Amino acid sequence: MLVLAIETSCDETAVAVLRGCGELLASEIASQAAAHAAFGGVVPEVASRNHLELLPPLAAGALAKARVAPRELTAIVATGGPGLAPALLVGMAFGKALAIGLRKPFHAVNHIEGHLLSPFFGGQHIPRHLALVVSGGHTLLVSVEGYRRYRVLGRTLDDAAGEALDKTAKLLGLPYPGGPAIEQLALQGSPGRFPLPRAMRDSGDLNFSFSGLKTAARYLLEREPPAPATLPDLCADFQNAVFEALVSKTLKALGQTGHSLLAVSGGVSSNAALRERLDSACAAVGAATRYAPRDLRTDNAAMIAHAGSLAAATDLPPELDRDVISSLWRDPLWNPDPGVSGAGPLAG
Ligand code: KG4
Ligand code: ZN
C-alpha cells in the first residue's frame with residue numbers, strides 16, 4: 001500500500017506519501033500563516049488561491065523526496081471535510097484529478113478522523129478507547145470501539161478549546177496561533193490571581209463551553225489592561241480554566257464508558273501542561289494515555305495518509321463522486337444514530 005495524501009482544510013497546504021501504515025516517506029507542509037496575518041484570521045478565498053498555487057509543486061516535491069513515481073501509488077486520498085469549503089475543494093479536486101489521470105482509487109478522509117486516529121499512527125489496529133480531540137476547530141470526546149466505530153459523547157457547544165486560546169491570545173496582543181504563545185507565557189506565571197469561570201462544570205453531560213471564559217477574559221482586560229508583569233499569570237489562569245474543563249469531562253467520560261485507554265490528538269495536545277494534567281488524572285484512575293506523535297498534533301497530511309490507508313485497506317468503495325462536507329455533523333461517520341448524545345445540527 002502506497003498512499004499519496006493531500007490536506008487543505010484550512011490554511012496549511014500539506015502532502016504526504018505513506019508506505020503501509022507507518023513508513024512515512026515524505027510529509028511536506030507549506031504554511032500560509034504570513035498571507036493571513038494581515039487580515040487577523042484565515043480568509044477562506046485567500047487560503048483557496050494559495051492552495052491552488054502551492055499544491056502542485058508540493059506534491060511533486062513530496063513524490064521526489066519519497067522516490068516514488070506517481071504510477072506506483074496504490075491510492076490517492078484527500079481531506080474531504082470538515083473545514084473551509086473553498087480550501088477543501090482545491091485539495092479534493094487535485095486528488096480526484098490525479099486519481100483519474102493515474103487510474104487509481106480515490107478516498108476522501110475526514111479531517112477529525114485523521115486527528116482521532118493519529119495517536120495510533122503506524123498501526124492498522126485501532127483498539128477500544130476514549131478519544132479526546134482538541135484542535136483549533138473542534139473539541140470532542142468520542143467513544144471508539146474500533147476503526148470507523150465512533151460514538152460522540154461530548155463536544156463544545158460554542159468555541160473549540162484551541163479557538164478560545166487563539167481568540168484570547170489575540171485580545172492579549174499575542175501572535176497567532178495563540179495556544180503556543182499562551183503556553184510559553186503561562187510557564188513564567190502562576191495561576192490564582194485572576195478569577196475565571198468554569199462553564200458547564202456541573203452540567204451533568206460531557207459537553208464543553210469556552211466562549212464565556214473568553215468573554216470573562218475580555219471583561220477582565222477592559223477593567224485592567226494587560227501589564228507585562230501580570231500577563232504570564234493571566235495566561236496561566238486562562239490555560240488552567242480551559243484544561244480543567246478538558247480534564248474533568250475526560251475523567252467523567254472514562255468513568256461512564258469504562259475505557260482504560262485515553263488517546264489525545266489535535267493541535268492543543270501539543271501543550272505539555274495539558275498532557276501532564278491528563279497523565280496524572282488518568283494514572284489516578286488506572287487509565288493509560290497515548291498521544292499523537294509530536295509532528296502529527298497540528299495539521300499535517302501524514303495523519304490523513306494514515307486514515308486514508310486504513311480506508312483503502314478496508315476496501316471502502318472509491319469516492320470520485322464525493323463532494324466536500326464542510327461541517328463535521330453532516331458527515332454520517334459521526335453518530336449515524338441520531339438518538340446518540342452529541343449528534344445534532346450544530347455547525348462546525
Ligand atoms: O489541529 P490543529 O492544527 O488545527 C485544527 O484542525 O483546528 O490545531 C490548531 C490549534 C490552534 O488553536 C493552536 O492555538 C493550538 O492548536 N495549539 C496549541 C499549542 N500548539 C497548537 N494550544 C495550546 N498549546 C500549544 N502548545
Ligand atoms: Zn486539524
Side-chain angles (χ1 to χ4, degrees), residues 5-14 16 27 29-33 36-37 41-42 44 47 78-84 87-88 91 109-119 121 131-140 155-156 158-172 174-187 208 210-211 213-214 235-236 238-247 263-278 291-307 326-328 348:
I6 298 153
E7 155 64 37
T8 62
S9 65
C10 192
D11 61 339
E12 243 107 38
T13 317
S27 181
I29 302 182
S31 171
Q32 305 176 10
H36 299 277
V42 179
T79 302
L84 306 171
L88 290 163
V109 173
N110 184 287
H111 180 86
I112 298 301
E113 185 186 33
H115 277 302
L116 182 144
L117 298 174
S118 62
F121 183 81
L132 171 65
V133 184
V134 268
S135 71
H138 297 90
T139 304
L140 290 179
R155 63 180 179 194
T156 180
D158 40 57
D159 290 350
E163 188 179 1
L165 290 164
D166 291 341
K167 288 179 175 170
T168 303
K170 194 172 171 185
L171 287 175
L172 295 170
L174 300 173
Y176 178 88
I182 290 186
E183 177 178 30
Q184 285 313 309
L185 277 167
L187 284 174
F208 305 93
F210 295 111
S211 73
L213 183 56
K214 178 194 67 192
C235 288
F238 191 82
Q239 194 177 262
N240 213 25
V242 172
F243 294 171
E244 211 173 283
L246 294 175
V247 173
V264 192
S265 59
V268 183
S269 69
S270 307
N271 190 294
L274 174 63
R275 293 199 307 276
E276 266 168 40
R277 289 182 75 143
L278 287 168
Y291 298 92
R294 199 149 72 116
D295 294 343
L296 271 58
R297 289 174 190 153
T298 47
D299 287 347
N300 64 88
M303 70 181 190
I304 302 301
H306 177 235
S326 58
S327 158
L328 181 71

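Note that the structure is predicted; figures quoted are calculated from it, not measured. We count ligands from 1, going down the list as the structure has it; atoms in each ligand are counted the same way.
- When each of Leu187, Asn271, Leu185 is checked for a side-chain contact (heavy atoms from CB on, under 4.5 Å) with Gln239, only Asn271 meets the rule.
- Among the backbone and side-chain atoms of His111, an N/O/S atom is found under 2.8 Å from the Zn ion (ligand 2).
- When all heavy atoms are compared, the tightest approach of Val268 to Ser135 is CG2-O, 4.1 Å.
- Ligand 1 places these atoms under 4.0 Å from at least one heavy atom of Arg297: 1 (O).
- Evaluated by nearest non-hydrogen atom to atom 10 (C) of ligand 1, the leading choice among Gly136, Ala273, Pro82 is Gly136.
- Shown here for Ser270 and Arg297, the closest heavy-atom pair between the two residues is OG-CB, 3.6 Å.
- Counting heavy atoms under 4.0 Å from ligand 1, residue His138 does not touch it at all.
- At distances below 3.5 Å, at least one donor-acceptor pair connects side-chain atoms of Thr8 with backbone N or O atoms of Ala87.
- No donor-acceptor pair closer than 3.5 Å links the side chain of Asp158 to the backbone N or O of Thr156.
- Evaluated by nearest non-hydrogen atom to atom 20 (N) of ligand 1, the leading choice among Gly267, Gly179, Gly162 is Gly267.
- The shortest contact between atom 3 (O) of ligand 1 and any protein heavy atom is with Asp299 N, 2.9 Å.
- Near His111, the atoms of ligand 1 lying under 4.0 angstrom from a non-hydrogen atom of the residue are 6 (O).
- Distances from the Zn ion (ligand 2) to the N/O/S atoms of Asp299 are shortest for OD1.
- For Ser118 (side chain) and Ala292 (main-chain N/O), no donor-acceptor pair under 3.5 Å exists by modelled atom type.
- For His115, the heavy-atom gap to ligand 1 drops under 4.0 angstrom.
- A distance-only check finds a donor-acceptor pair linking the side chain of Arg275 to the backbone of Ser269 [under 3.5 Å].
- Proximity to Pro177 (heavy-atom distance under 4.0 Å) selects the following atoms of ligand 1: 13 (C), 14 (O).
- The protein atom (non-hydrogen) at minimum distance from atom 14 (O) of ligand 1 is Asp166 OD1, 2.7 Å.
- For atom 24 (N) of ligand 1, the closest non-hydrogen atom on the protein side is Asn271 ND2, 3.1 Å.
- Summarising the geometry of Asp166 relative to Gly179, their closest heavy-atom pair is OD1-N, 3.4 Å, with the distance given to 0.1 Å.
- Within the coordination shell of the Zn ion (ligand 2), defined by N, O or S atoms under 2.8 Å, His115 is present.
- No donor-acceptor pair closer than 3.5 Å links the side chain of Asp11 to the backbone N or O of Val42.
- Protein heavy atom at the shortest distance from atom 26 (N) of ligand 1 is Glu183 OE1, 2.8 Å.
- Contacts with ligand 1 closer than 4.0 Å are made by no heavy atom of Glu12, backbone or side chain.
- The atoms of ligand 1 that sit less than 4.0 Å from any heavy atom of Gly137 are 7 (O).
- Distance alone, capped at 3.5 Å, is enough to place a donor-acceptor pair between the Glu183 side chain and the Ala272 backbone.
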